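Quick notes on the structure that follows.
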Amino acid sequence: MAKQPAAVIGIGQTHHRAKREDVSMAGLCREAMDRALEDAGLTLDEIDAIVVGKAPDLFEGVMMPELFLAEALGAAGKPLLRVHTAGSVGGSTAIVASSLVQAGVHKKVLTVAYEKQSESNAMWALSVPIPFNMPVHAGAGGYFAPHVRSYIRRSGAPNHIGAIVAAKDRNNALKNPYAHLHNEGTTVESVMASQMLWDPIRYDETCPSSDGACALVIASEDVAASSPNPAWIHGTVMRSEATSGAERDQVNPQASRDAAAALWKQAGITHPIDEIDMAEIYVPFSWFEPMWLESLGFAEPGEGWKLTESGATALDGRMPVNCSGGVLSSNPIGASGMLRFGEAALQVRGLAGEHQVDGARRALGHAYGGGSQFFAMWVVGSEKPAS
Amino acid sequence: MRDVAVVGFAQRQMEEFDGSPTCVEMLVPLFAECYEQTGWTRKDVGFWCSGSSDYLAGRSFSFVQAVDAIGVTPPVNESHVEMDLAWAMYEAWIKIQTGEVDTALVYAFGKSSAGVLRRTLAMQLEPYTMTPLWPDTVSLAGLQARAGIDAGVWDETAMAEVVHRSLGDAERNEYAVRKGASSVEELLARPMYADPLRKHDCAPVTDGAAAIVLAAGDRARDVRDKPAWISGLAHNVDPMSMGTRDLTRSPSAAAAAAGADVDGVEVAELHAPFSHQELVLRRELGLADDVAINPSGGPLSGNPMFSAGGIRIGEAARKIWSGEAAKTLGHATSGPALQQNLVCTMEGRA
Amino acid sequence: MARTLSAPVTVAFDYTRSTGPVLGRFLTGLRDGVVVGARTSSGTVVVPPPEYDPVTHQQTTDFVEVSPVGTVTSWSWVPEPVKGQPLDRPFAFALVTLDGADTPMLHAVDVASATDMSTGMRVQVRWAADRVGAMTDIEAFVPLREDAPAAPSPVGTEQAAPITGVVTPVSLDYTYAASPEESAFYRGLAEGRIVGQRCPACHKVYVPPRSACPSDGQPTSEEVELSHEGTVTTFCVVNVPFMGQKITPPYVSAYVLLDGADIAFLHLILDIPADEVRMGMRVKAVWKPEDEWGTTIENISHFSPTGDPDADYETYKNHL
């Protein structure tokens, strides 16, 4: 049995900031949701089901917050789910929401992913000490930095590649009114001059900690027919692997490669770099751009950094990456994956404003989480997929 | 809709699990049981989904290590909900309905004894006006119990009858943590614990884990002579507020039942961690008087957080496999005072 | 068989919550000694005010002051209060419909025993002496005394600024237990040994050992004594301080692949300037004095360069 067609007909996000002290958790979600509903031309009452996604409950100090939020989110009297797949959660939540439509169970699903991490401290929530262990762990940056070092060694990439990504994404963010960081004047030189945090990752190559939310309205074929510009879902994939399998490749994880291969097959894509017009890839530390470009199949292993260095991933390049500014410019952890998926949809709907890639018709949304072990990806397109 | 059946089920329940809060050690033998029941290996499972809570374990990402129990080489199609096993099963059922996979194994685990459950569950409440008072789950259930007593909808005798029947039936359940009750009079003679609730009106704090196997079409027929075909699966949620709800009702339970296929159900396993809640659910699910409720002994005999709802579905499925019933129901709940509810109806046919 | 190792862990944080306008209005009221509810679109006065109307889904704006006196509509007795609850002696949680409201609010009632509680009894707010704009500004409800004044002591009403945030301390105590395989590992460390376990299916040696080999889902079981020497596969230099950090930066956090193991684990590298550490460096465990040992990997203070030639890239490239 084939999946029923589904499309994104509404996208909304908050103004992401270090601290959204002007809203409660419900207010944060509703800001994104109300924008998505307005975009979709639907009211909350017309929604069939709501799917909430967010990262660890310790961030906000509320266990299973979708329960207390049910009424505020308009979910009372409806089916409500809450997905949690670590950092990839925003993406996997969008996939679960799409599945509800693709399974033919619901016709109009609203999904929202959020994080209000300023209510505590993200590094604290990620680093609660485990007895009997060595507290060497230094947050997410400290986890990924050794693997970035491995990539540089493996690929022979020059040292400034990460800085190229950082400067690009931060300058792209200037064209995105919702982005958290609007840092003028970021250059490769200024990034290289910023403090080394977890050698080899520098301060300006690191994502911020943000409060924010993203919401999508996903609809069935007949409902999407009344939308002027739906983003049709061409493929969705999730793959997972273990944190510490012996001889696990943490630079180019098997789960990432498997997910990409399955996704391209679903979407009928054989040469991603030629057939994908732009990509929103989960890059929380700048070096992940070349790493994921290779893993996803946009470049051969060891060649991803050349794609970045050539300017191919710039807004006016051959395959723009993270025109929204990406995770490097806004990182409400639970929402970041859905922001990637949502920004890809904005592009193929022609609604990305100043950071629009002209003529983008097929785009990739990508999210990952945990110790580079959970992957969620989708391809969206302006045309209905040939079944 | 595709025909999907419950074809495998395994559980463990104990007062206190001597092991890690990720419960990997408990999951490995549960998966082995599932493989034994189905004749499968892990490679036959198309989709994995788990249910658990970080707050129960006291760590962020506490579900991640449990993924080791799967054996994730090669990588797997896997997801997680911070909800009871029943909702993990729902996500898997949806995945099968999309046609992407034909089989799924869902699992859940919870080591309530790692913390103080009465405090931990206060974190599941509205954070601005409820959690600062640290209302515990027993107190909130007690408010609901009294509301029904005051309104004349039930009384302590009816509650004791639920307990008596449940603990009696639990004698036949090897997994039950609490079992045996001589008579309703004896139960009523026991002292109040958290007026209007007596200790036996409240499910015992239990550690445990469970796993359920789903299969579509012929994959199900290959595994079982009488697969427990899912004839209805629906869930719904009410607002959390204890003040704006009629606590003697549960509209979301009624809505879930309306979305499932409750007519003709012979056996119902209800996730009622407090005795009076069974009385609410019987009414909201529209169960006839002759429906057998919780022949396993139900949550009053053992209530491992995050698997207890799924265990109701598993126990209901077993009745189909054994031929004891042709149509059964498994129900799961979440949130204070039956706030969120899921109903799964199953029938046995070739 | 010995029980698994366990140790206490406290997860604690003072959460700083921004309230938004609706809860802010409610908490401002409490600070000022007034209970504020809201009238919903159906005309019902609800306390505390819901952030969004249950029918229109619009943000609530129609605020209503209600009386601090009301009626108990349900209650349950708390015989063994837990930490953080409004009282540390037995009390009742109750639903109280304040005069002027249509629905009840949840709070505590301070009476000596359950026999003093009844549905329908009249109660009044006992205000906290110092009010900050939190639910605990209501200390508890008490039985209404006809002679008692209902008005609170005027505290802090000179502060005109509305409440926009509230601090909610959360502290939860856990007993963390290691798995049987991990416990064996830590017990080995207490004897100065590093003991891994081999997976029966793929034959890889895991350190620390696993309840399930992540590749196969089988418990690792066969004990394998490991060398205290190994190779640095990759590493980073941690410069940044962070909340809850135990080791003072800058320090080298490295993956060490012990000879005989198939998986590297994180540890500290010392006795060499951070900028001289390199991938492939051979290192050896440096143990703390034996009288400081416990069941913990911290018995190994750090890893130190052995001075041997660096391991060939080929020998560890599959462990990156």
Side-chain angles (χ1 to χ4, degrees), chain B residues 17-22 24-28 31 42 55 57-59 65-73 111 113-116 118-120 122-123 126-136 138-147 150 192-197 239 241-244 247, chain C residues 3-4 9 11 15 17 19 23 26-27 44 46-48 50 54 73-79 82-86 93-95 97 103-108 114 117 119 134-136 166 168 170 172-182 201-202 210-219:
Chain B
F17 172 60
D18 180 25
S20 72
T22 62
V24 175
E25 316 87 288
M26 235 198 292
L27 292 172
V28 170
F31 293 169
R42 60 190 168 89
Y55 261 110
R59 315 232 305 269
Q65 204 166 331
V67 171
D68 286 357
I70 296 175
V72 281
T73 298
K111 188 178 173 184
S113 68
V116 177
R118 284 178 64 210
R119 294 196 79 234
T120 309
M123 301 298 296
E126 194 264 27
Y128 311 95
T129 64
M130 290 178 84
T131 301
L133 305 178
W134 291 84
D136 59 282
V138 172
S139 298
L140 296 176
L143 291 172
Q144 183 184 43
R146 185 173 313 279
D150 287 345
M192 277 292 176
Y193 166 56
D195 196 337
L197 299 173
S241 165
M242 301 290 288
T244 57
L247 295 176
Chain C
R3 278 187 65 101
T4 63
V9 174
V11 178
Y15 286 87
R17 305 196 179 295
T19 61
L23 290 164
F26 172 70
L27 294 174
T44 325
V46 178
V47 179
T73 60
S74 186
W75 62 274
S76 63
W77 192 245
V78 185
V82 291
K83 196 166 59 166
Q85 288 185 329
F93 268 117
L95 293 174
T97 303
T103 65
M105 62 179 281
L106 173 72
H107 216 293
M117 290 297 302
T119 301
M135 196 55 166
T136 43
V166 62
T168 314
V170 169
L172 294 162
D173 294 323
Y174 292 88
T175 301
Y176 173 83
S179 71
E181 293 79 10
E182 288 167 342
C202 66
R210 321 292 296 216
S211 308
C213 164
S215 300
D216 306 298
Q218 310 264 357

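Keep in mind the model is a prediction, meaning the values are calculated, not measured. So you know, we letter chains A, B, ... as the sequences are listed, proteins then strands, and number each from 1.
Taken to the nearest 0.5 Å, the CG atom of C:L172 stands 6.5 Å off from the OH atom of B:Y55. Going from atom CZ of B:F17 over to atom OG1 of C:T4 covers 8.0 Å, rounded to the nearest 0.5 Å. A distance of 9.5 Å separates OG1 of B:T120 from CG of C:D173, quoted to the nearest 0.5 Å.
Heavy-atom distances place the backbone of B:A57, and not its side chain, under 4.5 Å from chain C. The contact between C:P48 and chain B is made entirely by side chain atoms (from C-beta outward), counting heavy-atom distances below 4.5 Å. Contact of B:M130 with chain C is made through the side chain alone, with heavy-atom distances under 4.5 Å. Heavy-atom distances place the side chain of B:D150, and not its backbone, under 4.5 Å from chain C. For chain C, the nearby parts of B:Y193 are the backbone and the side chain; heavy atoms of each come within less than 4.5 Å. In this structure, no portion of C:T97 lies under 4.5 Å from any heavy atom of chain B. If you measure heavy-atom distances from B:P127 to chain C, the contacts under 4.5 Å come from both the backbone and the side chain. For C:A178, the part sitting under 4.5 Å from any heavy atom of chain B is the backbone (N, CA, C, O) and nothing else. Within the 4.5 angstrom heavy-atom criterion, only backbone atoms of C:A94 (N, CA, C, O) approach chain B. Using a 4.5 Å cut-off between heavy atoms, B:I70 contacts chain C through its backbone alone, with no side-chain atom that close.
Of all the listed residues (C:Y176, C:Y174, C:F26), the one sharing the greatest number of non-hydrogen pairs under 4.5 Å with chain B is C:Y174. The candidate with the highest count of non-hydrogen atom pairs below 4.5 Å against chain C, out of B:T73, B:L27, B:V72, B:D195, is B:D195. Interface summary for chain B: among C:R210, C:E182, C:Q218, the most heavy-atom pairs under 4.5 angstrom belong to C:R210. With chain C as partner, the option from B:S241, B:A194, B:G142 having the largest number of non-hydrogen pairs under 4.5 angstrom is B:A194. Among the candidates B:P132, B:G115, B:A114, the residue making the largest number of heavy-atom pairs closer than 4.5 Å to chain C is B:A114. Annotation: maximal heavy-atom pairing with chain C below 4.5 Å, among B:D136, B:T244, B:L143, occurs at B:L143. Interface remark: of the candidates C:P214, C:G217, C:G84, C:P214 forms the most heavy-atom pairs closer than 4.5 Å to chain B. Ranked by heavy-atom pairs under 4.5 Å with chain B, the list C:V9, C:V11, C:T119 is led by C:T119.
B:R119 is linked by a salt bridge (Lys or Arg N to Asp or Glu O under 4.0 Å) to nothing, counting only residues two or more places apart in sequence or in another chain. Considering only residues two or more places apart in sequence or on other chains, B:E126 meets the side-chain hydrogen bond (donor to acceptor under 3.5 Å, both in side chains) condition with B:T129.
Between C:W75 and B:R146 there is a side-chain heavy-atom pair separated by less than 4.5 Å. Under the 4.5 Å side-chain criterion, counting only non-hydrogen atoms from C-beta, B:W134 is in contact with C:V170. Two residues are said to be in side-chain contact when any heavy atoms from C-beta on lie closer than 4.5 Å; C:L106 and B:L140 meet this criterion. Side-chain contact between C:E181 and B:V24 is absent, with no heavy-atom pair separated by less than 4.5 Å.
Considering every non-hydrogen atom in both C:S215 and B:R42, the closest pair reads O-NH2, 3.2 Å. Considering every non-hydrogen atom in both B:G243 and C:P104, the closest pair reads O-CD, 3.2 Å. Pairing each heavy atom of B:V28 with each of C:A212, the nearest pair is CG2-CB, 3.7 Å. Closest of all the heavy-atom pairs between B:S139 and C:S76 is O-OG, 2.8 Å.
Between the side chain of B:S20 and the main chain of C:S179, no donor-acceptor pair closer than 3.5 Å is present.
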**OP:** Could you walk me through whether B:T131 and C:M135 pass side-chain contact (heavy atoms from CB on, under 4.5 Å), step by step?
**Re:** CA-CA 9 Å; B:T131 301; C:M135 196 55 166; over 6 Å; no
**OP:** Assess whether side-chain contact (heavy atoms from CB on, under 4.5 Å) is satisfied between B:L247 and C:L95, documenting all intermediate values.
**Re:** CA-CA 11 Å; B:L247 295 176; C:L95 293 174; 3.8 Å; yes
